[in-house]
Structure formats: structure tokens, C-alpha cells
Amino acid sequence: MVTKCRRSRTSFTEEQLKILVQAFSQNPYPGYTAKQRLAVEINTEESRIQIWFQNRRARHGFLERPKKNLDHTSPKEKIPDGRDRRCRTSYSSSQLQTLKNAFTENPYPGIDSREQLAEKIGVPESRVQIWFQNRRSRLRIQRKRGLEEASDQRQNQGQDL
DNA sequence: CCTAATCTAATCACCCTCGGGGTGATTAGCTCATTAGG
């Protein structure tokens, strides 16, 4: 078996889907505790719930208004959940070192590598995935900023002369 | 095919500590992102 790139597709049962769809119609932006509750209820991981809601919002656009025109109830019902987030993960310096080393070797680890890494540093795989996303993103920004500064310097030099 | 998984870019939230950088978490993606597995 070669190292796998993607997580294998999870297939939800009709029963699970029914519960998810129901929850989505009530609130397309569930907070962390709501997602966790759902995960327990349908016996899956919270990260799968998160992905499912992301995809559903993208596809269906949550514009399906089940209520026609008489939902002038409470204006703060559809707030995209300001407060209820997952607790920030804090990495120890040795955990960070492990992550950084892995990143240098491969900034796009597949599911197998991520899971290995996750077990090694004792953190959920989903957190490892997020860490790599953020690191890639910030490295790109950093690199772009570096280029801009270099060209700014060139421009300044030109003006000075 | 259908849709879960993945990606980038932008933004929010919180920390540390007094002004703004650092970084984990969340979101959108527009003729509604792309890729790919069952």
C-alpha cells in the first residue's frame, strides 16, 4: 500500500443525512459545541461535520428559506455564531519543531502523513491539517511581501539617483 | 455522477501587553473554488 493522499470518502447513512439536513435548516453556522453534539449524535468526527456544513453552504448556499416571508421573529437568530469556537490549540515548542520539520520535507502531506504526525505529537489530525494550511498561507504572504519590499527598494534607489 | 476532501485567500478571535504582530479557527469560493473516490 502506497501512502495515501486523501482521506477515504465517508459515506453518510440516510439517517445521518436526515439529522444533518435538519440541523442545517435550523442553523447553517453551528458553533463548535453544536458540531460536537452532532458528531456524537450521528457517531462521526467533528471534523467531518465541519466539512459537511462547509460543503453544504457552498452548494446549497443556505439561501433555501424554508420560511416564506414571516420570519421577522428575532433578528439575532441567524448570527453566524460569533463566540462558540473550538478552543485554540497551543503547541509546545517541540511539537512545533516536529511540524516545521515535516513541513520542510513536504508542505502538502497526505492523510497518512498527517495522521502519523498527529499521533506523534498527540494532536488531532484535523489540527495538523489546519496548521499546514495556515503555514502555507503565511509563507506565501511572507514571500510576496519580501518581493514587494525588494522592488520598493529598487524604486527608491532609482528616485535617489 | 454526486459530493466528500482539499486547496487558497481573507478574515475573525484571542493572546500578549499598550500598539500591533503572531497564530489557530472559520469562512467563502459566483455565471457558486478544484480534485477525485465510491
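In what follows, every chain begins at residue 1, and chains take the letters A, B, ... in the order their sequences are listed.
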ask   = Hey, does the side chain of Arg114(A) reach the backbone of Gln129(A) with a donor-acceptor pair shorter than 3.5 angstrom?
value = no
dA33(B) and dT8(B), which share atom name C1', separated by this distance in whole Å = 9 Å
query = Looking at Arg57(A), does any N or O in its side chain come under 4.0 Å of the phosphate oxygens OP1/OP2 on dT27(B)?
reply = yes
ask   = Under 4.0 Å between a side-chain N/O of Ser90(A) and OP1 or OP2 of dG24(B), yes or no?
value = no
d(CZ, Arg6(A); C1', dT3(B)) in whole Å = 11 Å
Test item: side-chain donor near acceptor, Gln97(A) and Asn101(A), under 3.5 Å = yes
task = For dC7(B) versus dT35(B), give the span between their C1' atoms, rounded off to a whole number of Å.
result = 9 Å
query = Over how many whole Å does the gap from Arg143(A) atom CZ to dA9(B) atom C1' extend?
reply = 15 Å
request  = Flag the pair Trp131(A) / Lys100(A) as yes when at least one side-chain heavy-atom distance between them is below 4.5 Å, and no otherwise.
outcome  = yes
note = Tyr32(A) has its side chain closest, among dC12(B), dT26(B), dA28(B), to dT26(B)
inquiry  = Give me the distance, rounded to whole Å, that separates dT6(B) from dA28(B) when you measure between the C1' atoms they each carry.
reply    = 14 Å
query = Just wondering, do Arg138(A) and Gln142(A) contact through their side chains at under 4.5 Å, heavy atoms?
reply = no
request  = By nearest nucleotide on DNA chain B, pick out whichever of Glu125(A) and Ser137(A) is the more 5' one.
outcome  = Glu125(A)
query = Does OP1 or OP2 of dT8(B) have a side-chain N or O of Arg140(A) closer than 4.0 Å?
reply = yes
query = Starting at CD of Gln36(A) and ending at C1' of dA25(B), how long is that distance when rounded to a whole Å?
reply = 14 Å
task = Could you measure between the two P atoms, the one in dT17(B) and the one in dA13(B), and give it in whole Å?
result = 22 Å
Summary of ring-ring contact (aromatic ring centres under 6.0 Å, His included) pairs that have at least one residue in residues 96-124 of chain A, sequence neighbours excluded = Phe103(A)-Phe132(A)
key: Spacing of the P atoms in dT27(B) and dC32(B) (rounded, Å)   = 22 Å
key: DNA chain B contacts among residues 91-111 of chain A, heavy-atom distance under 4.0 Å   = Tyr91(A), Tyr108(A)
note = Residue set satisfying side-chain contact (heavy atoms from CB on, under 4.5 Å) with Thr13(A), at least two apart, ordered chain then number -> Glu15(A), Gln16(A)
ask   = Can you check dC32(B) for me, syn or anti if syn means within 90° of 0?
value = anti
Anything under 3.5 Å between a donor and an acceptor, one on a side chain of residues 89-96 of chain A, the other on a protein residue two or more places apart or in another chain? List them.
from: Tyr91(A); atom 1: OH; to: Arg127(A); atom 2: O; distance (Å): 3.4
from: Ser92(A); atom 1: OG; to: Ser94(A); atom 2: OG; distance (Å): 3.2
from: Ser92(A); atom 1: OG; to: Gln95(A); atom 2: N; distance (Å): 3.2
from: Ser92(A); atom 1: OG; to: Gln95(A); atom 2: OE1; distance (Å): 3.4
from: Gln95(A); atom 1: OE1; to: Ser92(A); atom 2: N; distance (Å): 2.8
from: Gln95(A); atom 1: NE2; to: Ile121(A); atom 2: O; distance (Å): 2.7

ask   = Hey, does Ser8(A) reach any base, or is it just sugar-phosphate, or nothing, if we go heavy atoms under 4.0 Å?
value = sugar-phosphate
task = Could you tell me the separation between the CH2 atom of Trp131(A) and the C1' atom of dG22(B), rounded to a whole number of Å?
result = 14 Å
remark   = For Gln50(A), the side-chain contact (heavy atoms from CB on, under 4.5 Å) test, sequence neighbours excluded, returns Lys35(A), Glu46(A), Gln54(A)
request  = Nearest whole angstrom, please: distance from the C1' of dG24(B) to the CZ of Arg138(A).
outcome  = 7 Å
note = Separation of dA28(B) atom C1' from His60(A) atom NE2, nearest Å, is 16 Å
ask   = Can you find a side chain N or O atom of Arg9(A) that sits less than 4.0 Å from OP1 or OP2 on dC2(B)?
value = no
request  = Under the side-chain contact (heavy atoms from CB on, under 4.5 Å) rule, collect the residues that match up with Thr10(A), sequence neighbours excluded.
outcome  = Phe12(A), Arg48(A)
inquiry  = Please give the remaining members of the hydrophobic cluster of Ile141(A), linking ILVMFWY side chains under 4.5 Å, ordered by chain and number.
reply    = none
query = Would you say Arg135(A) reaches dG24(B)'s phosphate, i.e. side-chain N/O to OP1/OP2 under 4.0 Å?
reply = no
query = By salt bridge (Lys or Arg N to Asp or Glu O under 4.0 Å), which residues pair with Glu115(A), not counting sequence neighbours?
reply = none
query = With a 4.0 Å cut-off on heavy atoms, is Arg127(A) in touch with a base, just the backbone sugar-phosphate, or nothing at all?
reply = sugar-phosphate
Under 3.5 Å, which protein N or O atoms sit close to an N or O of nucleotides 16-21 of chain B? Give each pair with its distance.
none

query = Under 4.0 Å between a side-chain N or O of Arg7(A) and OP1 or OP2 of dA4(B)?
reply = no
task = List in chain and number order the residues that pass side-chain contact (heavy atoms from CB on, under 4.5 Å) with Glu41(A), two or more places apart in sequence or in another chain; answer none if no residue qualifies.
result = Ile19(A), Leu38(A)
request  = Starting at atom CG of Asn134(A), determine the distance to atom P of dT27(B), rounded to an integer number of angstrom.
outcome  = 14 Å
key: Value in whole Å for how far the P atom of dA10(B) lies from CD1 of Ile130(A)   = 17 Å
ask   = Taking atom P in both dT34(B) and dA9(B), what distance in whole Å separates the two?
value = 14 Å
key: Residues within residues 42-55 of chain A bordering DNA chain B, heavy-atom distance below 4.0 Å   = Arg48(A), Gln50(A), Ile51(A), Trp52(A), Gln54(A), Asn55(A)
remark   = For Ile111(A), the hydrophobic cluster (side chain heavy atoms closer than 4.5 Å, chained through members) also holds none
task = Validate the cation-pi geometry between Arg56(A) and Phe24(A): distance from NZ or CZ to the six-membered ring centre under 6.0 Å, angle to the ring axis within 45°.
result = yes
request  = Would you mind classifying the nucleic acid contact of Arg86(A) as base, sugar-phosphate or nothing, using non-hydrogen atoms under 4.0 angstrom?
outcome  = sugar-phosphate
ask   = For atom C1', what is the distance between dG29(B) and dT3(B), given to the nearest Å?
value = 16 Å
